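I have placed the structure first, in the form of structure tokens, so that the comments after it can refer back to it.
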There are 2 protein chains.
Amino acid sequence: MKNNVTMRDIAKKLSVSTVTVSKALGDKEGVSEELKAKIKNLATEMNYRYNTTAKSMKDGLSYNIGVIIPERFTGVSQSFYLRIYQHISRLLENYGYYGILNILNSEDEEQLNLPRIYYEKKVDGIIVLGQVNKAYIDIIETMQLPKIFTDFYDEHADIDSVITDNFYGSYEITNYLIQNGHCEIAYVGNIHSTSSIQDRFLGYYKSLLEHNIPLNQLLILNDRDDKGIFIDIELPNPLPTAFVCNCDQVAYLLTEKLIENGFQIPQDCSIVGFDNDIYATLSSPPLTTVEVDIEQMANTSVNSIMEKIKNPDKRFGRVLVQGKIIYRDSVQALIGT
Amino acid sequence: MKNNVTMRDIAKKLSVSTVTVSKALGDKEGVSEELKAKIKNLATEMNYRYNTTAKSMKDGLSYNIGVIIPERFTGVSQSFYLRIYQHISRLLENYGYYGILNILNSEDEEQLNLPRIYYEKKVDGIIVLGQVNKAYIDIIETMQLPKIFTDFYDEHADIDSVITDNFYGSYEITNYLIQNGHCEIAYVGNIHSTSSIQDRFLGYYKSLLEHNIPLNQLLILNDRDDKGIFIDIELPNPLPTAFVCNCDQVAYLLTEKLIENGFQIPQDCSIVGFDNDIYATLSSPPLTTVEVDIEQMANTSVNSIMEKIKNPDKRFGRVLVQGKIIYRDSVQALIGT
DNA sequence: CTGAAAGCGCTTACAG
DNA sequence: CTGAAAGCGCTTACAG
């Protein structure tokens with residue numbers, strides 16, 4: 001079962017040195033083509049497998065990247081971050097790197113315990129996927145290795161982050177509603193909850209400002225408590241003609257609630273979401289929404305972290321990844337537009 | 001930025017040998033308590049981090065486990081395997097191990113390319129999560145390291161696998177329908193598609209047999225083509241009183257279709273699913289279904305692979321993980337039961 | 001073109 | 001209780 005063929009074994013059989021075997025297998029200069037071929041053949045014949053650990057040892061590099069996801073984003077109905085991780089993991093392979101997932105449980109976050117992968121030098125860099133609390137951000141900053149925040153950022157932090165352009169996406173989709181004749185538009189989301197929700201709100205607000213529509217405080221609807229648990233959304237009376245929801249899941253819940261109350265979507269009011277996740281197509285009618293470019297977020301995160309491993313002084317700041325509007329059936333053009 | 005404090009650095013400062021430092025930090029015998037404390041203090045003070053790679057080198061162990069998921073199970077609406085991976089990853093940490101995710105893309109599966117983590121000795125064992133094709137199973141078997149199949153098995157393979165007790169779960173939930181007075185019960189699923197669907201069908205069949213209900217071929221309904229793509233389900237006429245669906249997603253789709261056709265669930269017919277995934281609660285009414293014990297599957301997989309790393313000759317065979325019925329509102333008790 | 005020597009950071013015998 | 005030596009499997013720099 002155990003397969004412990006090393007370069008030395010190959011070398012012995014061919015009466016050459018391990019240096020020569022290393023050069024041959026690594027396609028380096030300084031070995032005759034003939035010998036090189038011979039070595040390569042014997043290697044495959046002997047089922048030789050390269051030992052990355054030895055290389056790691058020499059280079060002082062683990063060739064692993066840690067991906068930290070706070071536990072609370074890994075619930076049954078949330079696969080967004082796992083999905084990004086999946087892409088990260090795949091993209092890392094192009095660099096000869098591998099991704100180690102680390103779910104940060106709430107206890108460790110509370111007690112400010114850094115993950116073991118850090119203390120064991122298991123990783124050369126860390127991607128933090130999903131907002132952690134302030135105190136934890138501070139302790140992350142003390143880690144002496146390259147790090148990237150993905151899908152959130154911190155004002156005080158001198159840390160590079162990769163985020164969706166929430167502001168602009170929300171701005172654009174609100175513009176789209178206004179172009180369709182809407183001017184009573186509610187925003188659904190707890191604007192003190194996360195930076196994403198807040199930024200999406202501000203994009204919505206900018207759109208209103210540009211179109212001289214006054215911001216109506218009664219049309220800012222709360223969707224969750226401070227722990228992020230969804231609460232029942234209070235419908236304003238009278239109803240606005242459209243709702244900008246901070247995410248598809250909330251748009252889905254709102255749709256259900258409106259239908260229960262006898263309203264028809266989009267005839268009686270229009271609804272837009274954000275994310276383009278599973279809830280966007282589960283909603284009926286399917287949601288017009290802003291698609292978050294998961295692939296690109298993973299891509300930027302990976303490229304940035306690799307860059308920082310090569311050059312630790314490299315700074316990226318906040319990198320915005322543009323989303324795009326997906327048009328479906330939840331928006332009604334108002335007559336006379 | 002670079003932190004390259006080694007045991008040697010600590011040793012030098014204290015004018016002792018690295019051996020002593022190693023013993024102290026590892027809480028081994030043979031260092032005075034006093035010196036041990038001194039070393040430990042200096043270590044934290046100097047921000048020393050243990051280098052796992054060196055240990056890997058010595059032990060010939062990477063302390064990583066590869067988790068291979070075929071690409072086709074990682075679509076937008078499928079987070080089941082990612083979820084199991086998440087648990088695996090967490091459980092591995094108790095052993096000082098880490099999980100490396102490897103999405104097996106269809107091309108590599110077709111061309112029988114083994115993952116790079118194998119050729120680079122990046123992992124000490126492999127968990128294959130989700131059914132791969134026959135030819136690929138064969139090549140997996142040639143890999144010279146411990147391996148476990150999770151959520152599928154192969155008749156010919158002399159490989160250990162951890163699977164949900166599909167047969168028994170389906171048997172039980174069909175029994176439940178019969179206890180509620182149903183005797184015209186359809187099964188929904190392509191019974192030639194995967195071993196899970198097939199086994200669930202057989203559990204359903206066993207329940208019918210035990211209750212002397214003849215199997216009606218017209219009530220075996222196809223839900224997907226040979227590539228696993230969902231197809232429109234043809235409703236039998238007359239409708240049976242209940243449907244046993246091979247998974248929640250199909251139960252969800254079926255529910256929608258029946259409602260479109262003017263039927264009420266569960267008044268006009270009952271529906272049960274399998275998995276207890278997001279679709280079970282998304283369905284309206286929410287589904288009575290068999291919950292797959294994800295945690296336990298991950299747990300068994302991890303324990304087994306660790307056992308096999310210690311003892312490569314260990315065999316487990318097929319390990320069944322029991323599910324449990326979750327009772328919700330999609331089943332109607334027939335009058336006169 | 002080929003190889004002897006040294007080193008990456010630890011640990012495991014073994015000796016004192 | 002403490003440490004010198006050897007080794008895990010490679011690669012780099014240097015010498016021939």
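We name chains A, B, ... by the order of the sequence lines, and we start the count at 1 in each one. Everything numeric here is computed off the predicted structure, so don't read it as measured data.
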Could you tell me the separation between the [atom1] atom of [X] and the [atom2] atom of [N], rounded to a whole number of Å?
X: Tyr63(A); N: dT11(D); atom1: OH; atom2: P; value: 10 Å
X: Leu14(B); N: dG3(D); atom1: CG; atom2: P; value: 10 Å
X: Lys12(B); N: dA4(D); atom1: NZ; atom2: P; value: 13 Å
X: Met57(B); N: dG7(C); atom1: CE; atom2: C1'; value: 13 Å
X: Asp59(A); N: dA13(D); atom1: CG; atom2: P; value: 11 Å
X: Ile39(A); N: dC1(C); atom1: CD1; atom2: P; value: 12 Å
X: Lys121(A); N: dC10(C); atom1: NZ; atom2: C1'; value: 11 Å
X: Lys55(B); N: dG9(D); atom1: NZ; atom2: P; value: 15 Å

Nearest 0.5 Å please: distance from the [atom1] atom of [X] over to the [atom2] atom of [Y].
X: Ile305(B); Y: Ile148(B); atom1: CD1; atom2: CD1; value: 4.5 Å
X: Arg72(B); Y: Leu104(B); atom1: CZ; atom2: CG; value: 7.5 Å
X: Met306(B); Y: Asn94(B); atom1: CE; atom2: CG; value: 10.0 Å

Return the pairing partner of dA13(D) with a 3.5 Å limit on both distances, Watson-Crick or G-U wobble; otherwise return none.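 Base-paired to nothing in any strand shown.
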With both distances kept under 3.5 Å, what pairs with dA4(C), Watson-Crick or G-U wobble? none
Under 6.0 Å between ring centres, would you say that holds for Tyr85(B) and Tyr85(A)?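 So the answer is yes for these two rings.
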Which residues in residues 20-29 of chain A have a heavy atom closer than 4.0 Å to any atom of DNA chain C?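 Thr20(A), Lys23(A) - these, ordered by number, are the residues of the stretch whose heavy atoms sit under 4.0 Å from the strand.
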Under 3.5 Å: donor-acceptor pair, side chain of [X], backbone of [Y]:
X: Ser301(A); Y: Met297(A); value: yes
X: Asp9(A); Y: Thr6(A); value: yes
X: Ser62(A); Y: Lys122(A); value: yes

Heavy atoms from C-beta onward define the side chain here; which of [options] lies closest to that of [X]?
X: Thr6(B); options: dG9(C), dG9(D), dT2(D); answer: dG9(C)
X: Arg8(B); options: dT12(C), dC8(C), dT11(D); answer: dC8(C)
X: Ser17(B); options: dG3(D), dA13(D), dC1(C); answer: dG3(D)

Are OP1 or OP2 of dG9(C) and a side-chain N or O of Tyr48(B) less than 4.0 angstrom apart?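 It does not, given that no N or O in the side chain of Tyr48(B) lies less than 4.0 Å from OP1 or OP2 of dG9(C).
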Please check the phosphate of dG9(C) (OP1 and OP2 only) for any side-chain N or O of Arg49(B) closer than 4.0 Å.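 Indeed not, no polar side-chain atom of Arg49(B) lies that close.
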Between Val16(B) and Met7(A), who's closer to the 5' end of DNA chain D by nearest nucleotide?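 Final value for this comparison: Val16(B).
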Given that Gly30(B) and Ala54(B) both sit by DNA chain D, which one's nearest nucleotide is further toward the 5' end?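 Looking at the nearest nucleotide for each, Gly30(B) comes out on the 5' side.
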Tell me which of Thr53(B) and Val19(B) sits closer to the 5' end of DNA chain C, going by the nucleotide each one is nearest to.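 Closer to the 5' end of DNA chain C: Thr53(B).
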Over all strands shown, is Lys58(B) touching base, sugar-phosphate only, or nothing at heavy-atom distances under 4.0 angstrom? base
Under-4.0 Å salt bridge between Asp313(A) and Lys308(A):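 So Asp313(A) does not pair with Lys308(A) through a salt bridge.
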